[in-house]
Amino acid sequence: MDVEKYIASGVLELYVAGKLTEEENMEVFQYSKEYPEILEEILAIESSILKLSQAVTPKYATRKGFDDIMVRIGERKDPTVIQLPKEKSNWTQYMGWAAAVLLGVGLVWFYMQNSQLNTDLQVVEKEKELLEEQIFEARSSLASTEALLNDLRDKNISVVPLGGQEVSPNSYAKAYWNKTQDKVFIDAQGLPEPPDGMVYQVWSLKLDPLTPTSIGLLDDFTADDNKIFVLNNPNESEAFGITLEPAGGSASPNLEQLYTLGAVSSS
């Protein structure tokens with residue numbers, strides 16, 4: 001936008017005088033917020049008008065005395081009939097301009113305050129919604145945690161530590177096997193994040209002969225903060241192992257990518 005050309009167009013003088021339409025007033029107001037030069041010009045015009053209105057005085061305060069003298073010297077015989085034409089004073093006009101300026105300034109201030117109030121209310125409402133969402137998520141997370149703890153404390157749970165293997169000696173995991181519910185809780189916090197395009201796969205193992213059966217994938221591993229996964233296991237497992245497989249899993253485990261392994265206690 002050519003600000004100087006816009007200022008020179010005379011639209012700001014009309015805005016101050018209250019001669020624009022509501023739509024045009026809003027346009028000028030928006031520009032005054034975007035361009036400091038326009039706002040300064042509006043304030044300068046308002047200041048000039050106010051100073052001018054203060055400087056103007058009635059030009060014909062002595063007109064009545066002049067008429068009396070003219071009657072006395074015979075130039076006029078009936079001052080009640082013959083009147084000098086009254087020249088229209090600019091005082092009323094300037095007072096109107098001043099009133100329009102004050103009204104315009106007041107409306108602008110009110111609009112800005114109202115806009116700020118609406119913005120503040122929207123911010124408060126958003127913060128309230130965010131807080132309610134966080135409280136809901138916290139309650140849901142707490143409920144899920146309590147339910148998980150209750151599951152892990154079940155008297156029928158067998159805890160199977162899974163130690164790191166040759167491909168990743170520092171890896172570790174735990175399997176919490178509930179035989180009565182045919183469920184296995186895998187705590188995979190000790191596993192590194194899988195590379196792109198790869199996924200951890202959990203196997204139920206029979207040892208003699210070695211017979212692996214897939215019981216599921218640890219999907220969304222990176223996104224899961226707790227790294228605890230629930231899998232179905234209806235098998236008579238003697239051990240559990242976790243391998244790294246291509247996305248989607250494999251029909252049989254890649255033992256070269258065996259990350260953790262642990263045998264079920266016989267007790």
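Here the CD-CD1 distance, from Glu40 to Ile7, works out to 8.5 Å after rounding to the nearest 0.5 Å. Atoms CD and OH, on Glu37 and Tyr6 in that order, are 13.0 Å from each other to the nearest 0.5 Å. Put simply, OG on Ser32 and CD1 on Ile38 are 7.5 Å apart, with the number rounded to the nearest 0.5 Å. Note that CD of Gln257 and CD of Glu166 are 11.0 Å apart. Values are rounded to the nearest 0.5 Å. Atom CG of Asp225 is separated from atom CD of Gln189 by 9.0 Å, given to the nearest 0.5 angstrom. The structure places OG1 of Thr213 at 5.0 Å from CG of Asn235, a figure rounded to the nearest 0.5 Å.
Taking each heavy atom of Ser214 and Gln201 in turn, the nearest pair found is OG-NE2, 2.8 Å. The two residues Pro212 and Trp203 make their nearest non-hydrogen contact at CB-CE3, 4.0 Å. A pairwise comparison of heavy atoms in Leu217 and Gly249 identifies CD2-CA, 3.8 Å as the closest pair. Between Pro192 and Tyr200, the closest heavy-atom pair is O-OH, 2.6 Å. Of all the heavy atoms in Asp208 and Glu238, the pair that sits closest is N-OE1, 4.2 Å. Pairing each heavy atom of Ala239 with each of Leu207, the nearest pair is CB-CD2, 4.0 Å.
Hydrophobic clustering (ILVMFWY, side-chain heavy atoms < 4.5 Å, transitive): Val160 and Leu191 are in one cluster. The cluster map of Ile, Leu, Val, Met, Phe, Trp and Tyr, joined by side-chain heavy atoms under 4.5 Å apart, puts Val230 and Ile157 in the same cluster. Under the 4.5 Å side-chain contact rule for hydrophobic residues, Leu261 and Leu162 do not share a cluster. Hydrophobic clustering, with ILVMFWY side chains joined whenever heavy atoms are under 4.5 angstrom apart, keeps Leu210 apart from Val167. Connection of Tyr259 to Leu255 is not established within any shared hydrophobic cluster, with ILVMFWY side chains joined at heavy-atom distances below 4.5 Å, either directly or through further cluster members.
Thr243 and Glu245 share a side-chain donor-acceptor pair at under 3.5 Å. Checking Ser250 against Asn254 by side-chain atom types alone, no donor-acceptor pair falls below 3.5 Å. Between the side chains of Thr180 and Asn178, at least one donor-acceptor pair of N or O atoms lies under 3.5 Å. A donor atom on one side chain and an acceptor atom on the other are not found under 3.5 Å apart for Thr260 and Gln165.
The aromatic ring centroids of Trp177 and Phe240 lie less than 6.0 Å from each other. When ring centroids are compared, Phe185 and Phe229 stay outside the 6.0 Å threshold.
Within 6.0 Å of the CD atom in Glu4, the count of heavy atoms belonging to other residues, nucleotides or ligands does not exceed 12.
Formation of a donor-acceptor pair under 3.5 Å by the Asp2 side chain with backbone atoms of Lys5 is found in this model. Panel note: side chain Asp224, backbone Asn226; a donor-acceptor pair is recorded below 3.5 Å. The backbone N or O of Phe221 lies less than 3.5 Å from a partner atom in the side chain of Lys227, making a donor-acceptor pair. Side-chain N or O atoms of Ser171 include none that pairs as donor or acceptor with a backbone N or O of Pro169 at under 3.5 Å.
No side-chain heavy atom of Pro253 sits less than 4.5 Å from a side-chain heavy atom of Leu258. Between Leu20 and Val11 there is a side-chain heavy-atom pair separated by less than 4.5 Å.
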### Task
Assess whether side-chain contact (heavy atoms from CB on, under 4.5 Å) is satisfied between Lys183 and Leu231, documenting all intermediate values.
CA-CA 6 Å; Lys183 290 194 301 186; Leu231 305 174; over 6 Å; no
### Task
Given side-chain contact (heavy atoms from CB on, under 4.5 Å), test Asn232 with Asp182 step by step and report yes or no.
CA-CA 6 Å; Asn232 292 323; Asp182 292 337; 5.9 Å; no
### Message
Evaluate Val199 against Asp219 for side-chain contact (heavy atoms from CB on, under 4.5 Å), listing each step before the verdict.
### Response
CA-CA 7 Å; Val199 65; Asp219 287 320; 3.9 Å; yes
### Message
Between Thr21 and Asn25, does the side chain to side chain donor-acceptor pair (under 3.5 Å) criterion hold? Intermediate values first, please.
### Response
CA-CA 6 Å; Thr21 64; Asn25 280 332; over 6 Å; no
### Task
Given side-chain contact (heavy atoms from CB on, under 4.5 Å), test Ile186 with Ile242 step by step and report yes or no.
CA-CA 10 Å; Ile186 299 295; Ile242 300 177; 4.1 Å; yes
